[in-house]
Amino acid sequence: MPALTPRFDQFSHRHIGPSAEETQAMLATIGVASLEELIDQTVPDSIRLREPLQVDPAISEYYYLQHLQGMAQRNKVFRSFMGMGYHGTITPSVILRNLFCNPGWYTQYTPYQAEIAQGRLESLLNFQTMVSDLTAMPVANASLLDEGTAAAEAMTMFYAYRNKRAKSDPANVFLVSDQVLPQTLAVLRTRAEPLEIEIRVSPVADFDLDKDRVFGVLLQYPGANGQIEDYREVVERAKAADITVTVAADLLALTLLTPPGEWGADAVVGNTQRFGVPMGFGGPHAAYFAVQDTYKRLIPGRIIGVSQDRHGHTALRMALQTREQHIRREKATSNICTAQALLANMAAMYACYHGAEGLTAIAKRTHHFTVILADTLREAGFTLPAEHYFDTLHIDTSPERVARIRQRAETEGYNFFYPREGGIRISFDETVATTDLQAVCRIFEATLNYGGAELTGDGGVTGIDTHIAPALRRTSTFLTHPNFTSYRTETQLMRYLKRLENKDLSLMHSMIPLGSCTMKLNAATELIPVSWPEFANIHPFAPIEQAQGYKQLFQELERDLAEITGFTACSLQPNSGASGEYAGLLVIRAYHLNRNEGHRNVAIIPESAHGTNPASAVMAGMQVVVVKSDEAGNVDIDDLRAKTEEHRDKLAALMITYPSTYGVFETGVVEMCELVHSHGGLVYMDGANMNAQVGLTSPGLIGADVCHLNLHKTFAIPHGGGGPGMGPICCNEKLAPFLPSHPLQDTGGQKATSAVASAPWGSASILLISYAYIKMLGASGLRQASEYAILNANYIKARIEEQYDVLFTGENGRAAHELILDLRPFKSVMSASDLAKRLIDYGFHAPTLSWPVAGTVMIEPTESESKDELDRFCDALLAIREEADAVARGDVDTEDNVLLNAPHTIAELTADDWSHPYSREQAAYPLPYLRQGFKFWPSVARVDNGYGDRNFVCTCPPIEAYV
Ligand SMILES: *Cc1c(COP(=O)(O)O)cnc(C)c1O
């Protein structure tokens, strides 16, 4: 048995929960002699990996950080005034330390259990309010992945909206301003093509607003060239023709500009990166998405809304069923699931800290520095076409001069943006200093002269005029809610952050046993380098010569992920699992097209699949055919055979999850792959369950052609309360040529599909976390992680299976790395939701609720939990079973009991009147361990979802509402 006989500095010893002695005890409970025996009984022999993974041997945490310092030094941090949607920004230290670097903020799960998530829910509501105020739109969501995909979501949302009745001859033209960011345009083209949406790019003045053909337009505000145009006239004409208007807008600019909501936009999208979130060579940062009220039920992603708890107190929760269980499968127009919650929280806190005056001052200062540069360059004889601009200047000059300036700039450590069509672009940001101004002038051989002007108290520079046209200056107020006016000192903001953090259960409190979501340890050493300036402050479009440390990271990680998945190639671009699914299916589509088999468009997907699978398939232009599961939870091979036969001429792909979402290592999986291949289809594997595969088997070995990996599940990136994530895809040689490219960096295969995300390597900076995970575990640690994930799940199963029915197990009665408990037998006394809420009283976060089977919970403990934690969790489950039995026996009130009233708040327990037939002690301290420091208090009682949907509010309620 590969028992843990660790060296003191071995990371696997810190990452994996059970000690050697605990392992023995757990094996005994399960009834096997060794971990090997358990794995042999769990993972089918036919798909076992025979060789160790070919990854570097494990290195200790200490040496890893030294290694990383070396890599960091290979990145050259230039001053990047490149703009194009990414800007220098100053992360307030109070936010960096107390939020970004704080596991109390970054290890939470998506806020499904609202009662123990009020902190991040409030912060995300601040985010929505911030976006809503700045754009002047009534409804905003709680973040999307990036600006490009947000624009694409708007496009497909309006396409579906416009054509929901007129299927036969849809209006399928989307007009895009030629001033839209190039990466946004690339993502739009990618998304448009499979859906047969036609994109027409032109200057806005040339838009042909054909009422019958055009369903929407996209404007950029200010344009990529920096110019601010007045779009009112074109918006009016679009409205008259029933054409929707989406505006991609810069939030900082909107502090000074008339917001799109005031001139008729139907949707406003963009990025919030420059609100205190480092560029990170591409991410992660939170995109935003705001719409008019008409579209609130069509909005992709999650919306936080205001509701009430059981006692009528204000409480927040995710509104309008914007939860992944409700992704509308093959009827979906979006597959967005994981988004950018943590970064949305950072941006929101940046707005809380600066408030309207602070943000305006930052904008004004940035603008005035830009004006000074523009005046200086004009004086020096350069041509700057724009009269109205905010922070970005386009300088027209000859290619020879561009080359000379570029060379000088790079020698001085400055990056500007050099568009393909010629000229130079410079975007200033809040980090710009007088020394930068001087340096830029020097580079342009211009003499800086601004008459000794000085900074004024409101952020402006004396004697400098604004270059924003009077008609487009903002007059409306914003961020007037007390959450944006009350936290101006560090003490205040630090306490606000702590107050919210305290309301949320995170991995700092107890295990979060979420089936399919793999809430394992996010080790501090893995995370520390993410905030190092050498990784944080690099612009995603900086020349790759300046990012050699990143390049090394990408090369090694691509190689290791390909090795782990049994494939040969990898794309790091997709920035969520669902984005990876989409990218993988596009690659399959491109493969068929390349072989002149474009008619292959059927994707076969098991009914047990995650909702994003069919949604991604539809987005990739595929037709979804559902295959049944048998009673044991396996894909029904006969049905699969029938479906592949029936669709053999049009078969594009089978999309499967392995082990299945029922937590079963299906033995028929190889046969399934062969069947699909024999009919000319390819196999896509959803890698969400890789935590049961790494080092034991692999998608490539099993016979799949491409898979995605949720790095925020299996590879230790924290969940962030709903994002960030990363969803790279790995594939075999057949598909490698089609891996996605990017318009501004060289990446992707020889016959690459176009970009699926705004940034070339997705949220590049958090790749460091997965890189660290692999380097510090090495081949044997990685395999052990999978083995212990399986051990922990089977230990829970062994401890509770007499009291709860475990659905679907493998042929030898073993669970994989997760297990499903059937709660339907308790239906009359306890719903799955009652169990989830009662677990809060026991100090635990609920498992995955009612997915993939209604009326069940799916538990995934991960390898990081130790035996004592698993025991507490099992004790809680067993105690709840007894509570349910007491109700069933009629020993306690069926209407007023601990299950129905859970969770219990301090306010309720300490109130003068207590009318329940059970004791306060039974409510709050049902097991002794809770008195030993494991009690977690919910900040509100059970939240009423329906109330909030009937009275929909998605911006901060007045403080008085919190009673
Ligand atoms: C989490 C998950 C996804 C989606 O991943 P995101 O990163 O949230 O987009 C897809 N499939 C399965 C089985 C999952 O568990």
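All of these numbers come straight from a predicted model, not from anything done at the bench. Atoms within each ligand, like the ligands themselves, are counted from 1 in listed order.
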Proximal ligand 1 atoms for [X], defined as those under 4.0 Å from one of its heavy atoms:
X: Gly577; answer: 5 (O), 6 (P), 7 (O), 9 (O)
X: Glu581; answer: 10 (C), 11 (N)
X: Asp686; answer: 10 (C), 11 (N), 12 (C), 13 (C)

Just distances here: any N/O of [X] and N/O of ligand 1 closer than 3.5 Å?
X: Ala688; answer: no
X: Thr338; answer: yes
X: Trp851; answer: no
X: Thr657; answer: no
X: His712; answer: yes

Exercise for the section: Output yes when a side-chain donor or acceptor of Thr697 lies under 3.5 Å from a complementary backbone atom of Gln693, and no otherwise. Expected result: no
Practice task
Please list, chain by chain and in numerical order, all residues satisfying ring pair (Phe, Tyr, Trp, His ring centres under 6.0 Å) with Phe873, sequence neighbours excluded.
Solution key: Phe844
Problem - With sequence neighbours excluded, residues passing ring pair (Phe, Tyr, Trp, His ring centres under 6.0 Å) with Tyr773 - result: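 Ring pair (Phe, Tyr, Trp, His ring centres under 6.0 Å) list for Tyr773, sorted by chain: His15, Phe715.
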Practice task
Report yes if the side chains of Cys954 and Ile304 come closer than 4.5 Å at any heavy-atom pair, otherwise no.
Solution key: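 No; the side chains remain at least 4.5 Å from each other.
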Practice task
Kindly indicate whether the side chain of Trp105, heavy atoms from C-beta on, has any atom under 4.5 Å from the side chain of Phe100.
Solution key: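 Trp105 does not reach Phe100 side chain to side chain.
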Exercise for the section: Report the member of Lys713, Glu818, His719 with the shortest heavy-atom distance to atom 2 (C) of ligand 1. Expected result: Lys713
Completion exercise
Among Gly611, Ser516, Ala578, Cys517, the residue with a heavy atom nearest to atom 9 (O) of ligand 1 is Ala578
Problem - Side-chain ion pair, Glu193 and Arg589, N-O less than 4.0 Å - result: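 Between Arg589 and Glu193 there is a salt bridge, with a charged N closer than 4.0 Å to a carboxylate O.
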Handout entry: His719 and Tyr109 aromatic ring geometry - parallel, tilted or perpendicular at 30°/60° bounds
Key = tilted
Handout entry: Location of contacts on Asn335 toward ligand 1, heavy atoms closer than 4.0 Å
Key = neither
Problem - Trp851-His610 aromatic ring centre distance below 6.0 Å - result: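 Centroid distance Trp851-His610: below 6.0 Å, so yes.
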